[in-house]
Amino acid sequence: MQVSITYAFGKLHGLGNMHWHESDAGDGTMVGNPSISVEVSSFMCSLQRHKVQAGEVTNSAHAITSEILFKLHHHNHLPQNWTIQAYQPGVRKPAGGLGTSKNLDCWGGGQVRKLLQAAYTVAFLCMLQFDEVLKIQVHDLCVEKDQVVLYLTFYLWVLPSNEAHICPAWALAAWLQESKLTTGYLFRKVVSGDCIAEANSPMSSEQFLELYRNNLLDINIDPAPYGTHSFCQGGCQHLHVERRWHLRRICEWGRWSTEFTNMTIVKYLISSNDDLAEPREHFFNPNQRPTIKCRQCGRCCSCA
């Protein structure tokens with residue numbers, strides 16, 4: 001919630017990411033981003049403690065689906081988006097403004113989109129939180145002939161071409177080939193001109209969230225319900241619903257505890273924020289057409 005408010009004040013209202021403080025003019029005027037303050041941070045921490053003590057279960061962000069990843073993959077791979085363009089100095093936007101719609105469409109070039117595609121697929125299929133993804137270093141990867149091994153735990157095989165949009169092996173190969181990184185953090189800060197920072201410092205969660213939400217706007221999806229936790233939740237649902245994995249296998253893959261006392265996995269699989277798989281009005285509809293599901297994946301698709 002605080003991240004969304006920070007984004008709204010910082011980007012939509014042009015207040016930036018400066019800490020909320022009194023102006024140096026000494027006239028009592030407050031400047032900066034109101035959500036980046038000691039008072040707001042203390043309130044959010046206190047609210048979280050009270051919710052936990054009251055037994056309330058925290059709802060995750062809206063889950064990313066394989067369909068959304070397919071749309072992002074298709075859009076990012078368009079020639080005008082995927083091709084690395086020569087650096088062209090931009091025009092400074094008006095102070096406090098958002099610039100033109102054309103500027104909003106040009107938020108990232110080929111390098112940034114290759115980085116994002118790799119980060120998306122790793123977070124989704126490995127069910128990682130994005131703080132974990134952004135801390136991955138090159139030495140954590142072991143690239144072999146037809147697979148990539150992450151942390152000596154996640155064996156990421158090359159998936160068929162019809163699943164390229166969720167294949168970390170393809171995306172990581174494209175990013176490593178483009179970035180030429182051999183040491184240090186895999187996902188580094190993005191600087192101007194569609195360039196990656198030379199300094200060995202990971203991309204911040206705030207910068208990733210901004211790029212990720214811009215990417216969702218590219219495909220006409222409201223980014224507000226989605227956060228950095230959406231990939232972990234969406235990957236869990238993908239493995240259970242689309243790939244028909246049972247709960248124990250999902251826990252073994254994600255290195256989660258198989259002690260289901262706290263039912264963390266259930267919070268990922270069933271969330272009040274997610275869309276219904278089928279409209280409620282059709283649950284007992286006698287005129288509803290029977291569903292023919294694929295014998296392999298359990299979905300309604302052309303191969304059934």
Side-chain angles (χ1 to χ4, degrees), residues 3-4 56-74 116-133 150 153-157 159-160 162-171 205 208-209 212-213 215-216 219 221-280 282-283 291-301 303-304:
V3 173
S4 299
E56 182 175 338
V57 178
T58 305
N59 277 332
S60 300
H62 209 74
I64 282 290
T65 65
S66 59
E67 180 182 0
I68 293 177
L69 288 180
F70 177 81
K71 293 179 180 179
L72 289 172
H73 177 270
H74 174 73
L116 290 176
Q117 282 298 135
Y120 291 163
T121 53
V122 170
F124 184 77
L125 217 58
C126 297
M127 301 184 299
L128 296 176
Q129 298 184 26
F130 244 92
D131 287 341
E132 299 174 286
V133 174
L150 174 61
T153 303
F154 296 104
Y155 292 83
L156 305 169
W157 293 80
L159 299 179
N162 64 322
E163 292 186 310
H165 57 289
I166 58 171
C167 180
W170 284 110
S205 297
F208 169 78
L209 187 62
Y212 161 46
R213 285 175 167 169
N215 212 178
L216 288 174
I219 57 175
I221 291 181
D222 180 10
Y226 297 92
T228 55
H229 205 65
S230 299
F231 291 88
C232 182
Q233 181 179 343
C236 181
Q237 294 182 10
H238 167 75
L239 296 177
H240 182 65
V241 177
E242 298 185 33
R243 293 189 176 269
R244 317 300 288 179
W245 284 18
H246 52 75
L247 299 185
R248 182 171 294 276
R249 190 180 190 185
I250 295 176
C251 290
E252 290 172 352
W253 173 250
R255 301 176 301 175
W256 295 348
S257 172
T258 54
E259 296 292 333
F260 298 117
T261 53
N262 57 6
M263 300 304 284
T264 300
I265 191 172
V266 175
K267 292 191 292 183
Y268 287 144
L269 294 175
I270 306 173
S271 172
S272 59
N273 291 329
D274 294 332
D275 298 326
L276 294 175
E278 182 182 1
R280 288 177 54 85
H282 292 321
F283 283 4
T291 301
I292 301 176
K293 293 189 176 181
C294 173
R295 295 185 297 273
Q296 179 178 355
C297 65
R299 291 175 290 175
C300 303
C301 54
C303 60

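Numbering starts at 1 and runs along the sequence shown. Because the structure is predicted, anything quoted here is derived from the model rather than measured.
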> By side chain to side chain donor-acceptor pair (under 3.5 Å), which residues pair with Thr65, not counting sequence neighbours?
Replying inline: none
> When rounded to the nearest 0.5 angstrom, what is the spacing between CD in Glu132 and CG in Leu150?
Replying inline: 10.0 Å
> What distance separates Cys236 SG from Leu247 CG, expressed to the nearest 0.5 Å?
Replying inline: 8.0 Å
>> Nearest 0.5 angstrom please: Gln237 CD to Ile250 CD1, how far?
In response: 10.0 Å
> Is any side-chain heavy atom of Tyr212 closer than 4.5 Å to a side-chain heavy atom of Phe130?
Replying inline: no
> When rounded to the nearest 0.5 angstrom, what is the spacing between NE2 in His62 and CD1 in Ile68?
Replying inline: 6.5 Å
> Of the non-hydrogen atoms in Ile64 and Phe124, which two are nearest, and what is the gap between them?
Replying inline: O-CE1, 3.5 Å
> Closest approach of Gln117 and Ala171, non-hydrogen atoms and distance?
Replying inline: O-CB, 3.7 Å
>> What's the separation between atom CG in Leu125 and atom CD1 in Ile166, rounded to the nearest 0.5 Å?
In response: 5.5 Å
>> Could you tell me if the side chain of Phe154 sits less than 4.5 Å from the side chain of Pro168, heavy atoms only?
In response: no
>> Once side chain to side chain donor-acceptor pair (under 3.5 Å) is applied, do any residues pair with Trp157, and if so which ones, sequence neighbours excluded?
In response: Gln147
>> Set out, in order, the CA-CA distance, both residues' side-chain angles and the distance that settles side-chain contact (heavy atoms from CB on, under 4.5 Å) for Cys126 and Thr153, then state yes or no.
In response: CA-CA 10 Å; Cys126 297; Thr153 303; over 6 Å; no
> If you take all heavy atoms of Trp256 and Met127, which pair is closest and at what distance?
Replying inline: CH2-SD, 3.8 Å
>> Let me confirm one number: the CG-OH distance from Leu216 to Tyr226, rounded to the nearest 0.5 Å.
In response: 7.0 Å
> So which heavy atom on His238 is nearest to which on Ser66, and how close?
Replying inline: ND1-CB, 4.1 Å
>> So does Val241 get a backbone contact from the side chain of Arg244, meaning a donor-acceptor N/O pair under 3.5 Å?
In response: yes
>> Below 30° counts as parallel, above 60° as perpendicular, anything between as tilted: where do the rings of His165 and His73 land?
In response: perpendicular
>> Students often mix this up, so state it plainly: with edges at 30° and 60°, are the rings of Tyr120 and Phe231 parallel, tilted or perpendicular?
In response: parallel
>> Counting C-beta onward and ignoring hydrogens, is there a side-chain heavy-atom pair between Cys167 and Thr121 closer than 4.5 Å?
In response: no
